[in-house]
> 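Okay, handing you the structure first.
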Amino acid sequence: DGHIETMKITTRCPGKHKIVLRVSTGEEEAMQTEFETTSVPLPNKPATTIGRRGSGNREFKYASGVTVNQEGHFLVADRDNTRLQEFDENGRFIRCIPCTKNPCGVTTTPRGETIITEWNEDQVHILNADGQLMYSIGNK
């Protein structure tokens, strides 16, 4: 059905890695994110697996975007649960950040702000490091 139920990051060699994460609807690629990380993986096993389908913590209805912030935490846009979920570098749940509509894309700034695009909306939202809305750009 095009939904991401788990995210797995697999490396075969310890050290620094460039990871390209592609989210697909099944028919077309919806987004792509690149970042670098350092890992000490178990051979041929995922370094990290986060989540399953659902609406609780560590669960996703439609994981539509992901980024890594300055602390090395993963921020995942959980579109149909109208929220972002934050995980540490080991995949442990940190917090849930409620969103007004359906977050789709997510990125962070060097100042620690989070920028979110909304699915099917003409808005971009900028949150401070605490996850509070600072302002929005675009039409409601």
Side-chain angles (χ1 to χ4, degrees):
D1 62 5
H3 289 44
I4 294 178
E5 296 182 16
T6 62
M7 293 189 316
K8 296 179 183 177
I9 300 171
T10 304
T11 59
R12 294 179 187 247
C13 303
K16 292 191 177 208
H17 300 276
K18 180 177 182 180
I19 297 173
V20 178
L21 178 66
R22 292 181 181 92
V23 177
S24 173
T25 63
E27 296 178 13
E28 61 185 55
E29 189 172 298
M31 75 87 177
Q32 175 174 315
T33 300
E34 294 184 17
F35 55 93
E36 292 187 10
T37 187
T38 302
S39 65
V40 183
L42 297 173
N44 299 318
K45 299 215 179 200
T48 304
T49 300
I50 300 172
R52 64 175 186 247
R53 185 156 177 77
S55 57
N57 294 341
R58 296 183 55 86
E59 296 178 342
F60 306 97
K61 279 196 180 169
Y62 196 104
S64 57
V66 65
T67 192
V68 178
N69 68 15
Q70 293 72 21
E71 297 173 6
H73 293 176
F74 293 90
L75 291 168
V76 180
D78 187 5
R79 190 184 85 186
D80 290 351
N81 282 322
T82 62
R83 64 187 179 182
L84 298 179
Q85 291 192 66
E86 183 174 346
F87 303 91
D88 71 11
E89 61 277 0
N90 296 309
R92 286 188 287 263
F93 178 80
I94 301 293
R95 65 180 171 158
C96 180
I97 302 170
C99 296
T100 56
K101 296 262 185 175
N102 299 320
C104 187
V106 61
T107 191
T108 58
T109 70
R111 294 185 303 236
E113 300 158 331
T114 301
I115 301 171
I116 304 167
T117 58
E118 298 276 353
W119 172 256
N120 230 8
E121 299 288 326
D122 296 325
Q123 285 193 311
V124 174
H125 304 288
I126 293 86
L127 311 179
N128 65 19
D130 294 325
Q132 301 298 314
L133 179 65
M134 294 170 45
Y135 55 94
S136 297
I137 301 169
N139 301 321
K140 284 190 172 186

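Not measured: the values here are computed from a predicted model. These values consider heavy atoms only, across backbone and side chains, with no hydrogens, waters or symmetry-generated copies. By convention here, the first residue in the shown sequence is residue 1.
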> Do L84 and E86 come within less than 4.5 Å of each other through their side chains, counting heavy atoms only?
no
> Distance check, rounded to the nearest 0.5 Å: K101 atom NZ versus T117 atom OG1?
14.0 Å
> Which is it for E121 and T100 under the side chain to side chain contact (heavy atoms under 4.5 Å, CB included) test, yes or no, and what are the steps along the way?
CA-CA 11 Å; E121 299 288 326; T100 56; over 6 Å; no
> Between S64 and P103, which heavy-atom pair has the shortest distance, and what is it?
OG-O, 3.0 Å
> If you define the side chain from C-beta out and look only at heavy atoms, does anything of I116 sit under 4.5 Å from L127?
yes
> To the nearest 0.5 Å, how far apart are CG in D78 and OG in S55?
9.0 Å
> Measure from the side-chain N and O atoms of N90 to the backbone N and O of R92, and report whether any donor-acceptor pair falls under 3.5 Å.
no
> What I'd like to find out is whether the side chain of R53 reaches to under 4.5 Å of the side chain of E59, using heavy atoms alone.
no
> Do I115 and L133 belong together in a cluster built from hydrophobic side chains that touch within less than 4.5 Å?
no
> I need the T107 OG1 to N69 CG distance, nearest 0.5 Å.
10.5 Å
> Taking atom CZ of F87 and atom CG of N57, what is their separation to the nearest 0.5 Å?
8.0 Å
> Please name the pair of heavy atoms, one in I97 and one in L75, separated by the smallest distance, quoted to 0.1 Å.
CD1-CD2, 4.5 Å
> Which pair of non-hydrogen atoms, one from V76 and one from F60, has the smallest distance, and what is that distance?
CG1-CE2, 3.4 Å
> Okay, side chain of E118, backbone of N102: is any donor-acceptor separation there less than 3.5 Å?
yes
> Report yes or no: is the cationic atom of R58 (NZ for Lys, CZ for Arg) closer than 6.0 Å to the six-membered ring centre of F93, at no more than 45° off its axis?
no
> Rounded to the nearest 0.5 Å, how far does CD of Q70 lie from OG1 of T109?
6.0 Å
> How many angstroms lie between CZ in R95 and CZ in R83, if you round to the nearest 0.5 Å?
14.0 Å
> Is the shortest side-chain heavy-atom distance between I137 and I126 below 4.5 Å?
yes
> Taking all non-hydrogen atoms of both residues, which atom of P98 and which atom of C96 are closest, and how far apart?
CD-O, 3.6 Å
